[in-house]
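For reference, the structure is listed below as structure tokens.
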Amino acid sequence: MTPLYQNNPIKIYNSLSGEKEILKPINEGHIGMYVCGPTVYSNVHLGNVRTFMSFDVVFRYLKHLGYKVRFVRNITDAGHLENDADQGEDRIAKKARLEQIEPMEVVQRYTVDFHNILNKFNFLPPSIEPTATGHIIEQIEIIKSILEKGLAYVVNGSVYFDVLEYNKTKKYGILSKRNVEDLIHNTRELDGQSDKKNPQDFALWKKAEPQHIMRWPSPWSDGFPGWHLECTAMSTKYLGEQFDIHGGGMDLKFPHHECEIAQAEACNGHAPVNYWMHANMLIMNGKKMAKSTGNYILPNEIFTGDNKNITKSFSASVARFFMLQAHYRSILDFTNSGLLASEKGFNRLMEAVNSLKDIKTDQNSTINIKSWQQKCYEAMNDDFNTPILIAHLFDAVKFINQLKETTESISNEDLNILQQTMHIFINDVLGLENVSEASNDSDKLSGAVELLIRLRQEARANKDFALSDKIRDELAAAGIQLQDGKDGTTFSVN
RNA sequence: GGCAUCAUGGCCGAGUGGCUAGGCUCAGCUCUGCAAAAGCUGCUACAGCGGUUCGAAUCCGCUUGAUGCCUCCA
């Protein structure tokens, strides 16, 4: 059987070129993808969730197309400084100091939180989830190599990347479309003295101050690696010197990803990544999310409803659906009304899916199901356009409801395609879970509700509307909604 | 201040040089014992000002605003 990817060329918006390009893997049928993971020094940010969700869908779709995908997403557990000044403190070390626990306790706590949240949102685990502290040796080797090439220098036990020297032969700023001259002119004065030759230079290795507890031996000092280096080390180790896709949040474009390119170019002499993808920001109520202003919500608070920015709790699937209704390259505004609208739409989608099993087939179809299916693929092939895909799924919802009304008809073969395609895109690709269907007690529940439906039918036949309405209203109050259709009554659980 | 991205109907959010997004809301109708659900119908937008073009919301310029980065953040 020919794999699906052969008939589904994917266009990816490459941040490097600023254009959509056809994805051509380095090795046919294989994709290497790296996504910058979280720094585990506090609870995972909801914006983080959106970014990782975008790449979760990319991962899912590539896999569905039959690619063998190696998806690497790191955990940053050292080296991410509070700021770029020489006194900048490691974020994890700082948290450890404030809470009076071991740095690795901080790492453990928030790594567990990260995994918990992502599980609730039904993320697929990456193929490899490496940590910065597990790859100190690899990072030291890269620093040695860059030093040998004359593109880094040692000062007081720290090693810095020499951006101006690098810029003589390569171009620093190709990803973020900046040039070094502009950077020099616009550099703000940092407080305090610096070991760096130029403010644009960035640390490859930092010497640890005596009180610094996170430290490893190196040829230059007891210290710790620079933040940008870990991604170069781990992506090279697991995906090679050149790989297909590198993703991350828009805010990492500069300087983080720019530095990754420079490090890899310096070390290996060629570009590390063919396709750079950047997910756009999540804002809330039109403004940047910030703890300090209260314009902030923790992922978990969506499930509990315990946050003043929302009026009720929302399931992870609804929140996921809400985010996927926007394209990954657009800014998305997280609002209560937006979530409410998405919840209604999501429920309508799921009810249509649930009713698929009751559809009666006919000799012929009044819909071109193959053409519809093709449109779904085309939406995803066009830079993973989930909002367009969802629009097509709602076309199917309308059609399914018309089938129930028997104003349209469908053949047995086409119904199978419809069912499969809905399942593929809703569950496998978008990663949405049908909550009501997943309930363990659904068999017992439906048995009991079926009984009440029959009693109500009898009451209605006897024109005992007081009783029939009582059954309907009290079930509704219990969260069970009856739906009268042409072929009898069904129900859904809210 | 510099760089980048963006600005769509009541709301959210796609897309395109000339032709349909989709969701939510709203109004009318059908169905119903009454509802709900569902179906049908309606609401026709593209920040402002110039320019290119036979034709632009879509391309270019300016203005205004938003978001991101430049300083920790996905």
Side-chain angles (χ1 to χ4, degrees), chain A residues 15 18 35-39 41-42 44-55 80-85 88-89 91 94 173 176-179 182-183 185-188 190-191 199-200 227 247-256 258 278-283 286-291 321-322 325-327 329-335 337-349 351-352 355 379 382 385-395 397-398 400-402 404-408 460 463-465 468-469 472-473 476 481-486 489-492:
Chain A
S15 302
V35 171
C36 293
T39 302
Y41 70 106
S42 68
V44 61
H45 185 117
L46 189 61
N48 249 296
V49 172
R50 150 120 122 140
T51 296
F52 297 141
M53 189 182 293
S54 301
F55 293 106
H80 199 156
L81 301 185
E82 275 282 296
N83 59 59
D84 204 31
E89 192 170 9
R91 297 162 90 86
K94 181 184 180 184
S176 56
K177 317 283 189 273
R178 287 159 206 245
N179 63 62
D182 286 347
L183 289 173
H185 288 242
N186 293 317
T187 301
R188 295 185 190 175
L190 292 169
D191 294 340
Q200 294 72 233
W227 172 42
M250 196 75 99
D251 50 347
L252 292 185
K253 208 175 189 181
F254 187 89
H256 184 59
E258 205 69 73
H278 288 97
N280 218 140
M281 301 291 106
L282 181 72
I283 58 175
K287 294 200 179 103
K288 178 178 172 170
M289 275 197 212
K291 268 184 198 166
F321 181 73
F322 167 78
Q325 270 186 304
H327 188 80
R329 281 193 288 119
S330 297
I331 294 170
L332 174 62
D333 194 4
F334 187 92
T335 61
S337 58
L339 281 165
L340 287 169
S342 287
E343 183 172 54
K344 287 195 177 179
F346 177 76
N347 288 338
R348 207 161 77 88
L349 177 65
E351 275 169 33
S355 66
D382 186 9
N385 199 322
T386 54
I388 294 285
L389 170 64
I390 289 170
H392 293 324
L393 295 179
F394 275 105
D395 287 341
V397 168
K398 188 169 181 176
I400 291 165
N401 287 329
Q402 285 171 333
K404 280 196 291 188
E405 299 273 314
T406 63
T407 55
E408 303 281 352
R460 290 175 71 196
K463 302 244 189 288
D464 185 358
F465 298 124
S468 70
D469 288 357
R472 179 179 71 196
D473 296 343
Q481 184 140 62
L482 300 186
Q483 289 146 355
D484 295 330
K486 274 213 163 80
T489 302
T490 58
F491 72 97
S492 65

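These numbers come from a predicted model, not from an experiment. Here is the naming used below: chain letters follow the sequence lines, and residue numbers restart at 1 for every chain.
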I need a per-nucleotide contact map over nucleotides 11-23 of chain B, read 5' to 3'. Cutoff is protein heavy atoms under 4.0 Å; write B for the base, S for backbone only, - otherwise. --SSS-----BSS
Could you encode protein contacts along nucleotides 26-36 of chain B as a string, one character per nucleotide from 5' to 3', using B for base contact, S for sugar-phosphate-only contact and - for no contact, with a heavy-atom cut-off of under 4.0 Å? ------SBBBB
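Pair assignment for B:G22: B:C12, on the basis of Watson-Crick or G-U wobble contacts that are both within less than 3.5 Å. If you check B:A47 for Watson-Crick or wobble pairing at under 3.5 angstrom, you find it paired to B:U63. In this structure, B:G17 makes no Watson-Crick or G-U wobble pair, since no nucleotide meets both defining distances under 3.5 angstrom. Remark: B:U58 base-pairs with no nucleotide; criterion is Watson-Crick or G-U wobble with both hydrogen-bond distances under 3.5 Å. Pairing partner, B:C3: B:G68, with both Watson-Crick or wobble hydrogen-bond distances short of 3.5 Å. A 3.5 Å limit on both hydrogen-bonding distances identifies no Watson-Crick or G-U partner for B:U52. Across the strands present, B:U30 finds its partner in B:A38; the criterion is a Watson-Crick or G-U wobble pair with both atom distances under 3.5 angstrom.
Contact of the A:R50 side chain with the A:N280 side chain is registered, since non-hydrogen atoms from C-beta on lie closer than 4.5 Å. At least one side-chain heavy atom of A:F321 sits less than 4.5 Å from a side-chain heavy atom of A:Q325. Proximity of A:K94 to A:Y41: side-chain heavy atoms (C-beta onward) are nowhere separated by under 4.5 Å. The side-chain heavy atoms of A:L282 and A:H45, taken from C-beta on, include no pair separated by under 4.5 Å.
Proximity note for A:N401 (side chain, C-beta onward) versus B:C40, B:A38, B:A74: the nearest is B:A38. Here the side chain of A:K398 is nearest to one of B:A74, B:G39, B:C70, namely B:G39.
Along RNA chain B, the nucleotide nearest A:V397 and the nucleotide nearest A:K177 are compared for position; the residue whose nucleotide lies closer to the 5' end is A:K177.
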List the steps and the verdict of side-chain contact (heavy atoms from CB on, under 4.5 Å) for A:I388 and A:D382. CA-CA 10 Å; A:I388 294 285; A:D382 186 9; over 6 Å; no
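B:A21 and B:G15: their C1' atoms are spaced 7 Å apart (whole Å). Separation of the P atoms belonging to B:A36 and B:U30 is 13 Å when rounded to the nearest angstrom. Taking atom P in both B:G50 and B:G13, one finds a spacing of 30 Å when rounded to whole Å. Nucleotides B:U44 and B:C26 have their C1' atoms positioned 15 Å apart, rounded to a whole Å. With P as the reference atom, B:U64 and B:G48 are 16 Å apart, rounded to whole Å. With both ends at atom P, the span from B:U25 to B:C19 equals 29 Å, rounded to whole Å. Separation of the P atoms belonging to B:A38 and B:G23 is 11 Å when rounded to the nearest angstrom. Between the P atoms of B:G39 and B:C46, the separation comes to 29 Å (whole Å).
Separating the CD1 atom of A:I283 from the C1' atom of B:A7 is a distance of 12 Å, rounded to the nearest angstrom. Between A:L282 atom CG and B:U67 atom C1' the separation is 12 Å, expressed in whole Å. We find that CH2 of A:W227 is positioned 12 Å from P of B:U71, with the value rounded to whole Å. One can place CZ of A:F254 at 8 Å from C1' of B:C69, the figure rounded to the nearest angstrom. Rounded to whole Å, the distance from CG on A:D473 to P on B:A37 is 14 Å. Following rounding to the nearest Å, A:E408 (CD) and B:A38 (P) show an atom-to-atom distance of 17 Å. Atom NZ in A:K287 sits roughly 14 Å away from atom C1' in B:G65 (whole-Å rounding).
A salt bridge does not link A:D484 to A:R472: none of the charged side-chain nitrogens sits closer than 4.0 Å to a carboxylate oxygen.
When the shell of 6.0 Å around NZ of A:K177 is examined, it contains more than 12 heavy atoms from other residues, nucleotides or ligands.
The two residues A:G286 and A:D333 come nearest to each other via the heavy atoms N-OD1, 2.8 Å.
Between the side chain of A:N385 and the backbone N or O of A:A379 there is no donor-acceptor pair closer than 3.5 Å. With hydrogens and angles disregarded, a donor-acceptor distance shorter than 3.5 Å links the side chain of A:E258 to the backbone of A:S176. One N or O on the side chain of A:S468 and one on the backbone of A:F465 form a donor-acceptor pair closer than 3.5 Å.
For A:R178 and B:C69, a side-chain-to-base donor-acceptor distance below 3.5 Å is present, hydrogens and geometry of angles not being considered.
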